[in-house]
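Some notes on the structure that comes next.
Just follow the structure's listing: the first ligand is 1, and inside any ligand the first atom is 1. FYI, side chains are in, hydrogens and waters are out, and symmetry mates aren't considered; it's all heavy atoms of this structure.
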Amino acid sequence: MKTAVISGGGSGLGRELAKVYSNEGYHILLLGRTKEKLQSVKEEIAVDGSTASCITLDIACPEDVQKISKEINDKHDVQLLINNAGVGIFGPFLDMPFEEMDKMLSVNFSGTVYLTKALLPAMVEKDSGSILNIISTAGLRGKKHESYYAASKFALRGFAESLQKEFEETGIQIINAYMGGMNTPFWDESEHVQDPSRLRSPREVAEIIYEESKISAEIIIESK
Ligand SMILES: NC(=O)c1ccc[n+]([C@@H]2O[C@H](COP(=O)([O-])OP(=O)(O)OC[C@H]3O[C@@H](n4cnc5c(N)ncnc54)[C@H](OP(=O)(O)O)[C@@H]3O)[C@@H](O)[C@H]2O)c1
């Protein structure tokens with residue numbers, strides 16, 4: 001059975017993408033750091049009559065990603081990798097501690113690179129598969145008090161667009177999605193957005209991504 005691996009699948013957009021793709025015949029493999037969140041999405045998918053499994057993993061740790069890649073490739077026919085896990089820390093640049101800046105770059109950029117490097121070789125061997133990169137409109141243009149978040153997403157965009165060109169003559173499809181604000185737990189610890197309930201729902205964004213990915217390798221979903 002074809003498998004879709006989704007990083008950050010335990011909440012927000014990752015959770016909704018998991019449910020959308022599980023309805024399309026994929027076994028869903030959820031990755032994230034919090035076991036309970038992954039387990040609860042796995043159960044929601046089972047209620048809908050589809051199957052999911054989960055692996056607890058910090059994608060920013062290259063050794064851990066390498067370790068689980070063998071397990072994933074041995075047990076699964078990975079046809080879709082959704083690079084969705086991400087963190088956002090916002091505020092004036094001069095107030096931003098180095099540890100927070102490092103965290104954003106190591107999860108949003110390096111973690112995505114590690115996971116891609118671990119799972120792409122099996123797709124290359126089959127000459128088939130898709131990688132969907134969840135970026136952000138912060139990867140298209142800088143915004144006030146988002147300097148380092150935007151920098152991490154610009155880095156991701158550079159990586160993702162370059163892969164698109166590298167694999168364009170192959171059976172591997174690289175799709176890059178840039179969305180504006182969504183009402184997810186992403187904003188739980190932040191005051192950067194006044195009223196997250198006014199943002200798009202992650203379900204709406206997941207459905208748009210699913211539909212548009214059939215016809216375009218670049219998806220832009222601006223804020224409402
Ligand atoms: N919400 C927005 O307004 C918005 C707008 C544009 C783009 N985005 C992007 O959309 C993506 C999904 O975010 P969301 O809004 O759905 O927020 P979210 O609910 O906070 O989801 C992020 C997920 O990433 C996981 N994660 C974080 N660090 C990780 C790590 N080191 N290793 C593995 N998993 C990790 C989190 O789970 P654990 O903490 O359990 O690991 C969480 O489930 C992110 O890339 C974000 O940058 C969000």
Short N/O distance, under 3.5 Å, between [X] and ligand 1?
| X | value |
| --- | --- |
| G9 | no |
| L13 | yes |
| S136 | no |
| G32 | no |

**Over all atoms of both residues, closest heavy-atom pair of K153 and I134** =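 Taking every non-hydrogen atom into account, NZ-O, 3.6 Å.
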**Prompt:** Between S50 and S22, which heavy-atom pair has the shortest distance, and what is it?
**Reply:** OG-O, 3.1 Å
**Asked** Taking atom types as modelled, is there a side-chain donor on N108 or S152 under 3.5 Å from an acceptor on the other?
**Response** yes
**Asked** If we ignore angles and hydrogens, is there a donor and acceptor under 3.5 Å between the side chains of Q79 and S128?
**Response**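 Result is yes, a qualifying pair exists.
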Minimum-distance protein heavy atom relative to [atom]:
| atom | result |
| --- | --- |
| atom 14 (P) of ligand 1 | T184 OG1, 3.4 Å |
| atom 32 (N) of ligand 1 | I59 N, 3.0 Å |
| atom 42 (C) of ligand 1 | S11 OG, 3.3 Å |
| atom 25 (C) of ligand 1 | G8 CA, 3.6 Å |
| atom 33 (C) of ligand 1 | L57 O, 3.3 Å |
| atom 22 (C) of ligand 1 | G86 O, 3.6 Å |
| atom 26 (N) of ligand 1 | A85 CB, 3.9 Å |
| atom 5 (C) of ligand 1 | G180 O, 3.3 Å |

So, does [X] sit close enough to ligand 1 that a heavy atom of it is under 4.0 Å from the ligand?
| X | value |
| --- | --- |
| G111 | no |
| I135 | yes |
| W187 | yes |
| K153 | yes |

With heavy atoms only and a cut-off of under 4.0 Å, state how [X] meets ligand 1: side chain, backbone, both or neither.
| X | value |
| --- | --- |
| N84 | both |
| V107 | side chain |
| Y149 | side chain |
| D58 | both |
| N108 | neither |

[atom1] ([X]) with more than 12 external heavy atoms under 6.0 Å:
| X | atom1 | result |
| --- | --- | --- |
| K143 | NZ | yes |
| K75 | NZ | no |
| K35 | NZ | no |
| Q66 | CD | no |

Using modelled atom types and a 3.5 Å cut-off, is there a donor and acceptor pairing between side-chain atoms of [X] and backbone atoms of [Y]?
| X | Y | value |
| --- | --- | --- |
| E100 | I89 | no |
| S216 | I219 | no |
| S7 | A85 | yes |

**Complete:** Between H192 and the options H145, E146, K144, the side-chain hydrogen bond (donor to acceptor under 3.5 Å, both in side chains) test singles out E146
**Request:** Measure up the F159 and F109 rings against each other and bin them: parallel (under 30°), tilted (30 to 60°), perpendicular (over 60°).
**Result:** perpendicular
**Message:** Tell me whether L57 shares a hydrophobic cluster with L81, the cluster being built from Ile, Leu, Val, Met, Phe, Trp, Tyr side chains joined at under 4.5 Å.
**Reply:** yes
**Message:** Regarding atom 28 (N) of ligand 1: of the candidates K35, R33, K37, R200, which has the closest heavy atom?
**Reply:**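 It is R33 whose heavy atom sits nearest to atom 28 (N) of ligand 1.
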**Prompt:** Nearest non-hydrogen atom to atom 2 (C) of ligand 1 belongs to which of K103, M182, H192?
**Reply:**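 Checking each option, the heavy atom nearest atom 2 (C) of ligand 1 is found in M182.
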Atoms of ligand 1 close to [X] [distance to a heavy atom under 4.0 angstrom, numbered from 1]:
| X | value |
| --- | --- |
| I134 | 10 (O), 11 (C) |
| G181 | 3 (O) |
| G12 | 16 (O), 19 (O) |

**Item:** Evaluation steps, ring-ring contact (aromatic ring centres under 6.0 Å, His included), between Y210 and Y26
**Value:** CA-CA 13 Å; Y210 174 71; Y26 285 91; 8.6 Å; no
